[in-house]
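Report on the structure given below.
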Amino acid sequence: MSHPSHVHHLKETAPYINAHRGNVVVIHLCAAALKSQLDSIIHEICLLHSLDIKIVLVFDAGIITDTPIPESKLPELIANIASLRVKLESRLTMGLTNSPMQGAHIKVSSGNMVIAKPKGIIDGIDYEHAGLVRKVRHEFVSSLLIQGSMVIIPPTGYSPSGEVFHVDSIQLAELVAASLSAYKLIYLSDGVITENNTNTPIKEWLPKKMDDIDHIHPEKRHLAKSAYLALRQGVARVHILNFQQENALLQELFTRDGSGTLVGIESYETLRVANTEDVAGIISLIKPLEASGILVKRSRELIESEVKHFSVIARDKTIIGCASLHTFYEKKFAEAACIAIHPDYKNSNRGKKLLKHLEDRAKTLGMQYIFVLTTQTIHWFLEQGYVEKQLEELPLERQLIYNYQRGSKILVKSLTT
């Protein structure tokens, strides 16, 4: 990787580093992740910790949660969970071996952070040492995080009478994240959330009610349910990643498009009317197009004064699309201008969505026609239903400021048909 590439990637990740710093992130490790690729996952977790992200690890011991756990099996259960906890602690103590951060000393803490109760007798079956979470001692966990420790929480809980119970680790991660008002809850699973029947991966899931999990593949519904409940209890975002994907954690947290399924209440990509905070993003987006002559050059002052005319596509606070709409009420014409899509998304349908958004805005304002002036995207607009017209057919106000030197083609679309 060349030096300029290093600088570019540093600039790209800097906003995410700043946003994540100091926040609590709860990470759930599935049982399969503990058996394979653990070292690479630990490297990523250590890197997150070094960026002052407060990490809580909840792990799955690979024990079926809907079956009884008799007293005779309890010693074996405790030994298995203890062995996995020690394995995690030892790997974290190693830090980032064979990396520039080798030798970084990470404090790791664990303990009786979960109060549990017996699952009880269900349909005549006594579940004995299979339990349910009663309470997460979040003050205890928070104090350790403040002291700079990474916290490990095994899938066990303790009753006030001294009994030990195994609890569902997926639900435990949900409740830990909720009790800490975590910034993020991340499930490192054996795959992302997929559609039922088609098994198509879902990049973004915005559940409005519990029934929304019905279209999710049955194997992932337990994860989806906990993700939904975590959101309803105040967790900002939930991420479901495939632990087998290289650098899944880093890609999810430090790139715009992520690597897994994002579960949220609101979309992390929105199409909306612009505001003054978007000016810098708009300028950054259109500057290369102005330099190549595709767009007319606009000063910062002009964009600031006309920002209310702009609509933008914002993806995780980054402007990846913009366009402006100007109206000529006398002849009920609207002009769509300054249409730009970030190069990383030029092959998506975002340009069409942005244009449709402008057309809908124009209709709402009572316009009957919308037009564009273009030099290099003529055929694209023709494909969207625009028809080439003559300058004399535009409102006189627009004719007077037409740039003959550019020689732009004029394309018009009726909004009434």
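Since we're looking at a predicted model, the values are computed, not measured.
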Hey, could you give me the [atom1]/[atom2] distance between [X] and [Y], rounded to the nearest 0.5 Å?
X	Y	atom1	atom2	value
Q376	S408	CD	OG	10.0 Å
L262	I186	CG	CD1	10.5 Å
K107	L145	NZ	CG	11.0 Å
D168	L132	CG	CG	9.0 Å
L229	Q171	CG	CD	8.0 Å
I153	S110	CD1	OG	7.5 Å

* To do: Could you please spell out the steps behind the side-chain contact (heavy atoms from CB on, under 4.5 Å) verdict for F140 and V114?
  => CA-CA 10 Å; F140 182 15; V114 179; over 6 Å; no
* Which residue pairs satisfy the ring pair (Phe, Tyr, Trp, His ring centres under 6.0 Å) criterion with at least one member in residues 272-325, sequence neighbours excluded? ->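 Found H309-H326.
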* Apply side-chain contact (heavy atoms from CB on, under 4.5 Å) to I27 and L188, showing your working. => CA-CA 7 Å; I27 301 174; L188 275 173; 4.1 Å; yes
If you draw a 6.0 Å radius around [atom1] in [X], do more than 12 non-hydrogen atoms from other residues or ligands fall strictly inside?
X	atom1	answer
E277	CD	no
R256	CZ	yes
E219	CD	no
I64	CD1	no
K317	NZ	no
Y369	OH	no

With distance as the sole test, does [X] use its side chain to make a donor-acceptor pair with the main-chain N or O of [Y] at under 3.5 Å?
X	Y	value
R221	I216	yes
H129	V164	yes
E44	L250	yes
E128	E71	yes
S142	E139	no
R406	G293	yes
R298	V296	yes
E252	G260	yes
S83	A79	no
E335	F371	no

Side-chain contact, heavy-atom cut-off 4.5 Å: [X] with [Y]?
X	Y	value
I213	W205	yes
K203	V192	no
H20	L51	no
F381	K409	no
L34	F243	no
V372	W380	no
P155	I63	no
V151	M113	yes

Tell me the closest heavy-atom pair linking [X] and [Y], and the distance in Å.
X	Y	answer
D257	R315	OD1-NE, 2.7 Å
A340	L285	O-CD2, 3.7 Å
I41	A33	CD1-CB, 4.0 Å
A323	L358	CB-CD1, 3.5 Å
H357	S311	NE2-OG, 3.0 Å
A61	L84	CA-CD1, 3.6 Å

Ion pair check, [X] and [Y], cut-off under 4.0 Å:
X	Y	answer
K363	E359	no
E269	R350	yes
R272	D278	yes

* Decide side-chain contact (heavy atoms from CB on, under 4.5 Å) for V141 and R137; before the verdict, give the C-alpha distance in whole Å, the side-chain angles of both, and the deciding distance to 0.1 Å. => CA-CA 7 Å; V141 179; R137 299 176 65 192; 5.7 Å; no
* Please find out if less than 6.0 Å separates the ring center of F328 from that of F333. =>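 That pair fails the under 6.0 Å test.
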* To do: Could you point out which residue of S179, S169, S226 forms a side chain to side chain donor-acceptor pair (under 3.5 Å) with E174?
  =>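 For E174, the side chain to side chain donor-acceptor pair (under 3.5 Å) test succeeds with only one of S179, S169, S226, which is S226.
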* Do T261 and K220 get their side chains close enough for a donor-acceptor pair, meaning under 3.5 Å? ->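 No, K220 and T261 have no side-chain donor paired with an acceptor closer than 3.5 Å.
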* To do: Using distance alone, with no hydrogens and no angle criterion, decide if S40 and E246 have a side-chain donor and acceptor under 3.5 Å apart.
  =>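 Judged by distance alone, the side chains do not pair up.
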* Parallel, tilted or perpendicular: rings of Y345 and H342 (30°, 60°) ->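 Perpendicular.
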* Residues Y386, I370; criterion side-chain contact (heavy atoms from CB on, under 4.5 Å); working and verdict -> CA-CA 9 Å; Y386 286 70; I370 187 168; 3.4 Å; yes
